[in-house]
Amino acid sequence: MGDFKHKHSLGQNFLKDKKVLIKIIDSVDVNEDDLIIEVGPGQGALTKYLKLFHANLRCYEIDTRVKKYLDSFVDEKTEIIYDDFLNIDIKEQIKDIKYKDLYVIANLPYYITTPIIEKIINAKVDVKAMVLMVQNEVANRLAAKPGSKDYGAISVYLNYYFNVEKLFVVNRSSFEPVPNVDSAVIKLARKDKIEKVNEEVFFKFVKDAFAMKRKNLRNNLKKYDLEKIESILNKYNLTLQDRAENVSLECFIDIVNELSK
Ligand code: SAM
């Protein structure tokens, strides 16, 4: 790492544990005719392992100071783009690349974990799977199941598109510099079939249901037709006295479809 001055403001905690890097690439099946997007290659710790897939690779890095570490990765299938990932047009960027399946594999800059994931989903680029290193407590929320205290609107949102799984925890000592928190790797695998629902209404409804985490559904959903909502909740052995943290994705979808009738 030499005399490189890590920028805390850019979430620059570089991975130095080979075992973790191997576990990350072992968690996903990428073929030569696929495309991998890496957000934040940094000094290339993960990029080096992603290259082993011999797939098309596009890496987006905001900090041009790492160019000297990344130049050697560039070849006919690999491009490093120095830009803010949040500012790029993903669809536009990859439209000329011939690929079969798209993967996003990254050790994310933690200050923008959710905006990055949302950007990828909203780009509608049909990602087959994402394998992402995030803060451990964020991983718990993203992969939470109904009934857990970590289950929230973001868990439902991701579960709508993906099967979300927390793969393993990564101790803070695996990074340079050592951050204040532990991390975890999660895998989001695209669902074969996505349920039919008006997405705009659905996401708004889920957000409203979780608006006040400690309040029950009756209180959070006052502006909706509570009778209709209760009729569906009952099918799932729930009532308006329950909290949103007990409502499964299927139940949320059923409710929104009932409300849209
Ligand atoms: N992949 C490297 C590794 O595993 O060692 C670095 C990971 S580090 C946690 C996050 C990287 O994201 C840093 O290199 C940082 O400069 C970069 N980054 C931060 N904000 C970014 C943004 N908006 N767009 C692209 N890259 C960004």
Side-chain angles (χ1 to χ4, degrees), residues 104 108 110 112-132 134-169 181 183-261:
V104 178
L108 291 181
Y110 294 169
I112 43 173
T113 299
T114 314
I116 289 174
I117 297 175
E118 283 178 350
K119 178 171 178 117
I120 295 163
I121 292 176
N122 293 337
K124 303 268 177 221
V125 282
D126 203 13
V127 182
K128 177 128 191 237
M130 300 197 233
V131 177
L132 307 172
V134 300
Q135 272 185 35
N136 189 33
E137 62 174 67
V138 175
N140 290 340
R141 274 193 273 129
L142 301 183
K145 304 281 177 269
S148 122
K149 68 171 174 31
D150 292 314
Y151 187 66
I154 186 85
S155 332
V156 182
Y157 173 66
L158 292 185
N159 190 227
Y160 174 67
Y161 299 102
F162 299 99
N163 291 312
V164 188
E165 194 189 348
K166 182 173 167 183
L167 297 183
F168 53 90
V169 174
V181 290
S183 295
V185 174
I186 57 165
K187 181 171 181 180
L188 298 88
R190 184 182 64 208
K191 286 187 172 175
D192 293 333
K193 188 172 163 274
I194 292 177
E195 297 301 326
K196 258 202 147 80
V197 71
N198 179 327
E199 291 187 13
E200 208 178 311
V201 180
F202 174 69
F203 294 129
K204 170 89 176 74
F205 182 82
V206 172
K207 230 170 136 196
D208 288 338
F210 282 97
M212 307 270 202
K213 268 219 108 177
R214 310 215 62 78
K215 292 206 168 173
N216 63 24
L217 293 163
R218 181 185 297 283
N219 281 309
N220 277 335
L221 298 171
K222 275 184 188 140
K223 62 179 180 203
Y224 293 91
D225 183 336
L226 290 175
E227 222 170 282
K228 278 188 174 178
I229 296 176
E230 180 130 64
S231 72
I232 303 296
L233 285 172
N234 290 165
K235 288 207 305 195
Y236 291 82
N237 287 326
L238 297 167
T239 71
L240 289 166
Q241 301 306 116
D242 281 289
R243 290 190 189 144
E245 67 191 35
N246 292 314
V247 182
S248 65
L249 171 72
E250 294 69 28
C251 181
F252 272 122
I253 291 175
D254 259 9
I255 293 172
V256 172
N257 283 334
E258 179 68 23
L259 290 174
S260 317
K261 271 182 190 164

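- Between the side chain of N234 and the main chain of L238, a donor-acceptor pair closer than 3.5 Å is present.
- When the options V197, L233, L221, V206 are evaluated for a side-chain contact (heavy atoms from CB on, under 4.5 Å) with I255, the one that passes is L233.
- Expressed to the nearest 0.5 Å, how far CD1 of I232 lies from CD of E227 amounts to 12.0 Å.
- Side chains of N257 and D254: no donor on one and acceptor on the other come within 3.5 Å.
- A donor-acceptor pair under 3.5 Å links the side-chain atoms of N220 to the main chain of A209, judged by distance alone.
- In this structure, V256 and Y224 have side chains that are not in contact, with every pair of non-hydrogen atoms separated by 4.5 Å or more.
- Here the straight-line distance linking atom CZ of R218 with atom CG of L240 works out to 4.5 Å at 0.5 Å rounding.
- Here R214 contributes atom CZ and R243 contributes atom CZ; the two are 5.0 Å apart, rounded to the nearest 0.5 Å.
- Between the side chains of N136 and K166, at least one donor-acceptor pair of N or O atoms lies under 3.5 Å.
- A donor-acceptor pair under 3.5 Å links the side-chain atoms of Y151 to the main chain of V247, judged by distance alone.
- The shortest distance between side-chain heavy atoms of Y161 and E199 falls below 4.5 Å.
- Side-chain contact between V201 and L259: absent, with no pair of heavy atoms (C-beta onward) separated by less than 4.5 Å.
- In this structure, F205 and D208 have side chains that are not in contact, with every pair of non-hydrogen atoms separated by 4.5 Å or more.
- Looking at E258, its side chain never comes within 3.5 Å of a backbone N or O of K228 through a donor-acceptor pair.
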query: Stepwise, does the ring-ring contact (aromatic ring centres under 6.0 Å, His included) test hold for F252 with Y160?
result: CA-CA 10 Å; F252 272 122; Y160 174 67; over 10 Å; no
Please output the side-chain donor-acceptor pairs of residues 116-123 that fall under 3.5 Å, not counting sequence neighbours, one pair per line with the distance.
residue : atom : partner : partner atom : Å
K119    : NZ   : F85     : O            : 3.4
K119    : NZ   : L86     : O            : 3.0
K119    : NZ   : I88     : O            : 2.4
N122    : OD1  : Y157    : OH           : 3.4
N122    : ND2  : E118    : O            : 3.2

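- One distance of note links CG of N237 with CG of N246; it measures 11.5 Å at 0.5 Å rounding.
- Between K207 and F210, every side-chain heavy-atom pair lies at or beyond the 4.5 Å cut-off.
- Between S248 and P146, the shortest heavy-atom contact is CA-CG, 3.9 Å.
- When the shell of 6.0 Å around NZ of K196 is examined, it contains 12 or fewer heavy atoms from other residues, nucleotides or ligands.
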